[in-house]
Every structure is written in C-alpha cells, then in structure tokens.
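Notes follow once the structure below has been shown.
In listed order, ligands and their atoms are each counted from 1.
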Amino acid sequence: MRPKRALLATATLAVAGALTVGMTLAMAPVASAGTTLRAAAAEKGRYFGAAVATGKLSTSTYTTVLNREFNSVTAENEMKWDATEPSQGRFVYTGGDRLVSHAQANGMGVRGHALLWHQQEPGWAQSMSGSALRSAMINHVTQVATHYRGKVYAWDVVNEAFADGGSGGRRDSNLQRTGNDWIEAAFRAARAADPGAKLCYNDYNTDGVNAKSTGIYNMVRDFKSRGVPIDCVGFQSHLGTTIASDYQANLQRFADLGVDVQITELDVMTGGNQANIFGTVTRACMAVSRCTSITVWGVRDCDSWRGSDNALLFDCNGNKKPAYDSVLNALNAGSGIPNPTTTPPNPTTTPPNPTTTPPNPTTPPPGGSGCSASVSLNSWTGGFVATVKVTAGSSGTRGWTVSMTLPSGSSVTGTWSATASGSSGTVRFTNVDYNGALGAGQSTEFGFQGNGSGAGMTPTCTAS
Ligand code: 9MR
C-alpha cells in the first residue's frame, strides 16, 4: 500500500502543478481520486463552490466545512445592489470585501453575484425609471465591477431577466422598461470595468430545453453574433424531486454557442432522489467541457434559503449526506477540462422552484374591467419574496391598488415597483408613476420582501 500511496500523492502534486501554471490537464499523467469536493473538482480544472453568508464565517462548524470542501464562494447577498449601493452614489463593500479576504486566505475563487437584478434593488432605484435609472444602473455596474476587478473570476452581470411561463420573453421590471438593450449595455459596462472577469447571464427554471431557456439561448446567440461581451451562462438549478432528462443536452447547446456554462445555485429537494439528482447534475457538468464550475446555494441544510427542504450536501452539524458522496464520486469519475482558462485554486491539500406556490389569482369575470392580481412566493425559514402580477381588465387602468393581508407576525421589509402603505396586517400596494397605466389585458409586476411567512396571501386588485 505504501508505495502506491506515494505514487498517488506525486500524481496529485503533478496535477496541481499543471493547473497552477495553466497547462492542459491532458498532460497530467495519472488522475487521482480527490477526497474533498474542492480537490476532486480542481483536479478536473473546475471550481466547486458554495454561496456564503458572511455572518456565518465566525461559526466554526460552518467555516470548517467551507474551507475544507470548497474552492469557490459566491456572496449570498453581500454583493447585490441593495447591499453595495444603499443610497445612490454611496458604495458599501464591507460584506463583499470580507468574503473576498476569506476566499483569498483560503485559496478560493470568488463568483460575483449579482450586478443587476430586479429583486433586491435598493429603494432609491426601485422608484426610478427611464434614462435616470439607465444611467444609475450602468454606474452601479461600473463602480462595483471596478471595485472587484481582479478579485472575481466571474460576474453574474444580469440575474433573472427572463419571464417564467411559455413566452420565452423578458420579465417586466423597471430595468427592462429602460429599453430592451439594458442587458447588453450592462455587459459592455462590466467588460470595460473588469476585462478579466467572465461575464455571465444567470437564471432559474432553465434546467432543460424549455421556452425560458430557449429565450435565453436566443439572446446569447444574438449577443455572440453582434459581439456583445458575454462569456458564460449560469444555470441556478434550484431543483425539486425530478430533473429534466435533457439537463446535460441543454448545457451543451449553450456551450456550443461558444460560452462557458456554470451551475450557480444548486440545491435539491430532500427525499429519495436527492443524492441521484445531485449526482446527475455533477455528471452533466463533467461531461460538458465548457462547464467550469458548480456552486451549491449554501453549505449546510440549515443555511439554505429553502429552509425545511434540507436541500444541501451537509446536515446542520456539518456531516456529509449521501448526496455528498454522490457528488464526490461524480467529480472523481468525470473528465478534465481540455484547456482550462481558469486555474481553480486547491491549496489545502452555487423562483422560485419547489417552494413556489401556484398563482392565486383574484379572477375578475372574463372580459371584465378592473384588474386582477396573482402572487408567487419564494419562501425560506423566516422570510419570503413575493412577486405580484397585475393584469388590467378590458378597460385598461390609469392606476391600480393591490391589497393583501399578511399572516399575523409577518411584515413587509422592502417593496419594488409599487408603493406600500402599512407593513403588516392588510397592506395596500399602489402603482408607481411608470406602471399605473396598463392597456386592456396588459400586465406588470411588482414585488416585496417580508419577514415571517407569506403563505396564504390573496391579492385583491382595484383599478382607477
Ligand atoms: O439566498 C438568498 C436569500 O438569502 C435572500 O433573502 C434572497 C432575496 O431575494 O435571495 C436569495 O438568493 C437568490 C439569488 O440571489 C438569486 N436566485 C434565487 C436565490 C434564492 O432566492
């Protein structure tokens, strides 16, 4: 056994050496089995990452697992717009910088998340529109990407800009209303600010060939044909108890457009299939040579936004779950990236899916006037984000108000694309200046974030 072990150790060093100087993995003589996720991924030229809440970095169970198993981190919230520019032109990098320092001290890469997203917009941006918002958002991209230049290997430049359902089109938001070219404008600004970072478009419910993923595919193809700087597409992969049979084929069709693909927010509903699904996702990524990283959305089950779904690889005590073994085996069995463009460090040797509730429309009579509203929820233990769709009846609207009664003990903590009156009990949300006028049958969306549970809210819409 001894000589064999020594041989394996030498092989590991040879592979690690090849990676640090950016040589091709094909030259590595022998592949060895990594005993941690980070080692196994790095041997194949890839990142294995976790979303991190920096507040937990002082919890030793958490940090022990994080440092041992992951060679990439994503800020769960700290690099988002509301955190980094809480008032216009005042930039706060405390949380994000803390994560970057932790990553640098522990040989991890950093995935930047997210420069622009219709959720977690700061209040001042929520109430902006048109050219003022366009310049504010481009300034945001420029400032934040400049601050983190050279410190992140990839940025989610734009997050979740496509609509759910069968349209394959864009989601309505104040960002989208600044003009359909807002996404490419953001990518150009990000490239100018940080030419070294891979620039990604990131979304959910794209885990197979479907209308939404095809809408994104068409955008990426268009961007590539017109020279808009896009380097990668992130597939969040918040999964339930099944996985699309064409998960890998979908990754491959994007890779074939000439972009990297990354699994960015992986978590899977607990249950008999959890380990298999984690394994299937990992095998799919390993089988696509342009799949450069896998990130799970949290470390332990109790760190997850999905609360009781127990959706991650470690239990709350930091013990490995069967899903962990499934992922590790798939990493070790997979092939390396032929010409890695990133050199994952490995010195110590990531909508609303299953918790989405079906829309609950207050149905007006067909063809009636007035308006209707439906709500979909993303919930986690202690909080939720509600997205509310307002649809005008046959007469259109000049303005609208949606009333919703929150469960007792719950409260609204932030609202976008509407003005809230009250924060608990029955809360009335009224249109802002740019989304009150809707033509017959036309829709708009607003949203709010709350503490507590958002379960069972029924919206009532009144038009003016
Ligand atoms: O995990 C994040 C949670 O802590 C936040 O409260 C929530 C707010 O919208 O965002 C969560 O992360 C989201 C990510 O940024 C984008 N994709 C969906 C993720 C889960 O909601």
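Those atoms of ligand 1 that come under 4.0 Å of a heavy atom in Q236, given as number and element, are 17 (N), 18 (C). Ligand 1 places these atoms under 4.0 Å from at least one heavy atom of W297: 1 (O), 2 (C), 12 (O), 14 (C), 15 (O), 19 (C).
Across E160, E265, Q120, heavy-atom proximity to atom 9 (O) of ligand 1 is greatest for Q120.
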Check the pair D231 / R191 against salt bridge (Lys or Arg N to Asp or Glu O under 4.0 Å), numbers first and verdict last. CA-CA 10 Å; D231 307 306; R191 177 69 98 230; 2.8 Å; yes

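Close N/O approach between Q119 and ligand 1 is found [any backbone or side-chain N/O within under 3.5 Å]. Checking only distances, N159 never comes within under 3.5 Å of ligand 1, N or O to N or O.
Heavy atoms of Y204 found under 4.0 angstrom from ligand 1: none, in either backbone or side chain. Counting heavy atoms under 4.0 Å from ligand 1, residue N202 does not touch it at all.
Taking a cutoff of 4.0 Å between a charged side-chain nitrogen and a carboxylate oxygen, E184 and R226 qualify as a salt bridge.
Of the residues F91, W155, Y93, the one that meets the ring pair (Phe, Tyr, Trp, His ring centres under 6.0 Å) test with H147 is Y93.
Within 6.0 Å of NZ on K389 lie no more than 12 heavy atoms contributed by other residues, nucleotides or ligands.
Judged purely by distance below 3.5 Å, without hydrogens or angles, the side chains of D164 and Y204 pair a donor atom with an acceptor atom.
Under a cutoff of 6.0 Å and an axis angle of 45°, R253 and Y217 form a cation-pi pair.
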